[in-house]
Structures are given as C-alpha cells and as structure tokens.
Amino acid sequence: MESWPPGGSGPAEAGPRLRGLRGADLAASASLLSGAGAGAEAGCSAPAVAAVLPAGGSGERMGVPTPKQFCPILERPLISYTLQALERVSWIKDIVVAVTGENMEAMKCIIQRYQHKGISLVESGVTRHRSIFNGLKALAEDQPNCRLSKPEVVIIHDAVRPFVEEDVLLKVVTAAKEHGAAGAIRPLVSTVISPSVDGCLDHSLERARHRASEMPQAFLFDVIYEAYQQCSDYDLEFGTECLHLALKYCHIKAKLIEGSPDLWKVTYKRDLYAAESIIKERISQQICVVMDAKEDEEHVGHRLEEMLKNELNHVKVTSGRDLQQIILEQCYNFVCVNVMTSDFEETQKLLNMLEESNLSILYPVVVISVQFLDYESVPFGQKMENLMQIREFAKEVKKTNILLYGLLVYYPQWETGLLKAIVDLVFS
Ligand SMILES: Nc1ccn([C@@H]2O[C@H](COP(=O)(O)OP(=O)(O)OP(=O)(O)O)[C@@H](O)[C@H]2O)c(=O)n1
Ligand SMILES: O=P(O)(O)OC[C@@H](O)[C@@H](O)[C@@H](O)CO
C-alpha cells in the first residue's frame, strides 16, 4: 500500500499499517483533499474519496408505509438532505446510493428535482451489509460496466443520517488514510446490558467504557472491499458493523473519532420530528429586511430592522442592500417593506429574484410582504384590491416552495408607536 504524502516511509511494521497524515491540520487536509492548497502544489496527490450511502431499507421501526429515507421533512425526502450534506463537500468525488429496484425511479426523480450532482445508483441488497457491498462493487474497477473510478478512501454513511458536517467527514477520512479504517462514535445514552436465556439480567457493561458506533465511517477502499469479499454469509445477513468486518477479515483496528450529537440515525417517527425541528431551527437563523427606499434612513424598514435585532436573539438580521448577495448567502426568511408604492413593487421584485435563484428548491422560503397605505389617501376599493392581489401572488409562488404572507397596514400619517404594533403583530 502506498504511503501518503509521497516521500513518507513505507509500512513500518508487519501488517497493513500505513503511514499518512500525522497531526496534520484538518484545514490543510481539507485543502489537500480538494486538490487545492500548498500540499497539492507541492505535488502531494489528494486521495480520491467516494461515498457509499445504503438506502435500501424498509424502515419497519418507523411504522409507516414509506421507507423512512423517502419520508418528507418540510416536503422534501429525508435522503435529499443527506445527499445535500455530502455533495457540499467538494473533495467527495462520487456518491453511490444503494436503493431497491422498486425505488430506483423515485430516487432518480429526487436527484433530478433537487438538482443533486455526482450521484450514482446501484441496486440495494436484502441486508444493509449487502447494500453496502453492492455500492463498493460499483466503485471497484474489477466489475463489468464499471464507469466509476476506484477511490483510495471510501466513506460509508447511512442515507438516514442527514446531519453530517464536513469536519467529521474529514476526520474519518484522514484517520482512515493512516489506520485503514475509522468511524464516528458517541457516548452511550443508556447502559448496555446482556440478558440471560431466562430473560433476566446476566451482566451489564460499564457505560463509561463503551461507546455507540455511529456514521460516517471511512476505509481504505482495498481494506473494506477485501473485507466484504471475505465476509461470511452470516455476517452479510446479520451484521450491523462495518468496522467489525475490517477487523475480522483484514485485522485493521479502526480509529475511533468522537462525533457530534447530530450524527444520530433517523429510526423512529420521533426522529423525523426531531430532524424537522433541527432543520427549521437552522434555516431560521437569518432574516433579511428588504425595503423600497434603502437610502432613506428614516424608512420604517430600518426601524423594523433595529427592533428585530433587539427582539430576536441568535438571529442574524440584515437589510437587503445587495439582494443577490443575501440570496447567495442562503437566507430563507424575508420581510419586504413597501412604503413608496401601492402595488407591492418591491415584493414582486424580490419574488422574481427568489424564483430565478432556485433558492427554494431545497428549503421553503418565507416572505412577509408589509405594505403601508395612508388611511386618507387610498380609496377603500384599492385597499381590498391589494388584499386580493397578495393572495393571488401567494398561490402562484407556493408552487415554487415560497410561502408568501401579506400584511397591509392602513395608518393615518399622525399615528405613533406604529412600528411596535407591526413587530408585535408580525412576530407574535
Ligand atoms: N437492506 C437494507 C437495509 C437497510 N439499508 C439502509 O441502511 C441504513 C441504516 O439501516 P436501518 O436504520 O436499519 O434502516 P432500515 O433497515 O430501513 O430500518 P428498519 O430496521 O427499522 O427496517 C438505512 O439508510 C437503510 O436504508 C439498506 O441500504 N439496505
Ligand atoms: O443497525 P441498523 O441497521 O439499525 O443501522 C445500522 C447501524 O448499526 C450502523 O449505522 C451504526 O451502528 C454504525 O455501524
């Protein structure tokens, strides 16, 4: 087995112990893995990294007809969030997803609808290990019609673990380069016990000395592929631990990496609710106040922005001076304040930009359109027309996952304390 970076010493002792990155800064590793940075310029070849996502299960413990990987969260299938998390990592070149034959078309539709890139599909097996093995076969160059290039390191990650971040992926890949295998672990929440045949306690494990095995895991491809090729039918049928296969069949002791609490696997229905709450919390971390007269410092939008900053802790409130930039930063919540015109001109402009940006493909975008109409100068008929107009807008943009809410504020010029009333109304 080659050492990495090039020029390092070869295997120092018997057995497949490899030398690799030692203590390298994870940021440096990331740049190296993505083929950028000093290491790459110095001629260190970034190892090719691919991922295999087993997604062929039936989700029995979820207790619903739809396999849990296809269950919707905010109207998007769970597996799409996991794909999004992995395809955001620039140094993962190929993602192989193992799904059942009957779900193949549904999976293709998900890939197309949510514009996932670099995804290859293989048929899953009757067990998770068999699904993973099928994914590895697609990457091995010794298979007919193999069009994927064999990676040096392969990540294995359950399709129902959507909250995986680049840092833990980097850690397991870097550790797998050095040790041959690596996997994320978490402290046990409950104590593990061993029951006797008569259903009584035989013994319990000391919780502090044990950990839960989670995902992602990473392996030198040759290690895990060899392990699966040697694997017994019993292990393929009943096994649940890839790290165990590397140890049993290749004598590789995986490096264990402490993972974050969000690495948990969606298994029961409660996990779907928890996942939805986490996603909602993450996308509600920024609000952009858009106004139709940015330069006017007295514009009620600036006062609204200041009040929101005071009222909403932990939420980034910005004003939409450069809407394109705001949209690129993936803000999903907008308050659009129309003062100067009576036909929602600013809201329409924002909606057009949002639709052109495809931002709402992955998460719903919320737009609260606030319009001020002077009580005396706007005839009642137009007030009602405005109400109907925003309703028609809302119906139209809902088709592109944009949730539009309208707030019309009729106020006499002399009204004071108006802004507090708005904030209380909008955010109550
Ligand atoms: N034959 C199988 C069984 C499971 N998996 C996948 O392995 C991951 C973790 O397995 P698990 O949580 O057990 O999923 P299910 O088997 O679907 O759940 P259950 O045991 O409740 O039926 C899931 O992404 C699942 O889709 C797979 O690819 N092929
Ligand atoms: O056992 P299940 O099929 O529910 O899920 C697979 C899990 O066991 C697995 O993801 C981790 O324990 C790490 O191996």
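Just follow the structure's listing: the first ligand is 1, and inside any ligand the first atom is 1. One is the number of the first residue; the rest follow in order along the sequence. Side chains are part of it too, since the values below use all heavy atoms of this structure and drop only hydrogens, waters and symmetry mates.
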Decide, yes or no, whether a salt bridge links [X] with [Y] under the criterion of side-chain N to carboxylate O below 4.0 Å.
| X | Y | answer |
| --- | --- | --- |
| Glu355 | Lys399 | no |
| Glu178 | Lys253 | no |
| Arg130 | Glu237 | yes |
| Arg303 | Glu306 | no |
| Lys349 | Glu345 | no |

Near Arg113 CZ, under 6.0 Å, is it more than 12 heavy atoms from other residues, nucleotides or ligands? no
At a 4.0 angstrom heavy-atom cut-off, ligand 1 is contacted by Pro54, Ala55, Gly56, Gly57, Ser58, Gly59, Glu60, Arg61, Lys68, Gln69, Gly125, Val126, Thr127, Arg128, Ser131, Asp158, Ala159, Val160, Lys265
Are side-chain N/O atoms of Gln217 and Glu241 paired as donor and acceptor at under 3.5 Å?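 Checked: Gln217/Glu241 side chains pair up, N/O donor to acceptor below 3.5 Å.
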Could you check whether His157 and Thr82, counting side-chain N and O atoms only, form a donor-acceptor pair closer than 3.5 Å?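 Their side chains do not contain a donor-acceptor pair, so the 3.5 Å distance test is not met.
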Relative to each other, are the rings of Tyr228 and Phe133 parallel, tilted or perpendicular (30° and 60° limits)? parallel
Between ligand 2 and the protein, which N/O pairs are shorter than 3.5 Å?
from	atom 1	to	atom 2	distance (Å)
ligand 2	4 (O)	Arg61	NH2	2.5
ligand 2	4 (O)	Lys265	NZ	2.9
ligand 2	8 (O)	Thr240	O	3.4
ligand 2	10 (O)	Arg128	NH2	3.3
ligand 2	10 (O)	Asp158	OD2	2.5
ligand 2	10 (O)	Arg161	NH2	3.0
ligand 2	12 (O)	Ser213	O	3.0
ligand 2	14 (O)	Thr240	O	3.2
ligand 2	14 (O)	Glu241	OE1	3.0
ligand 2	14 (O)	Glu241	OE2	3.4

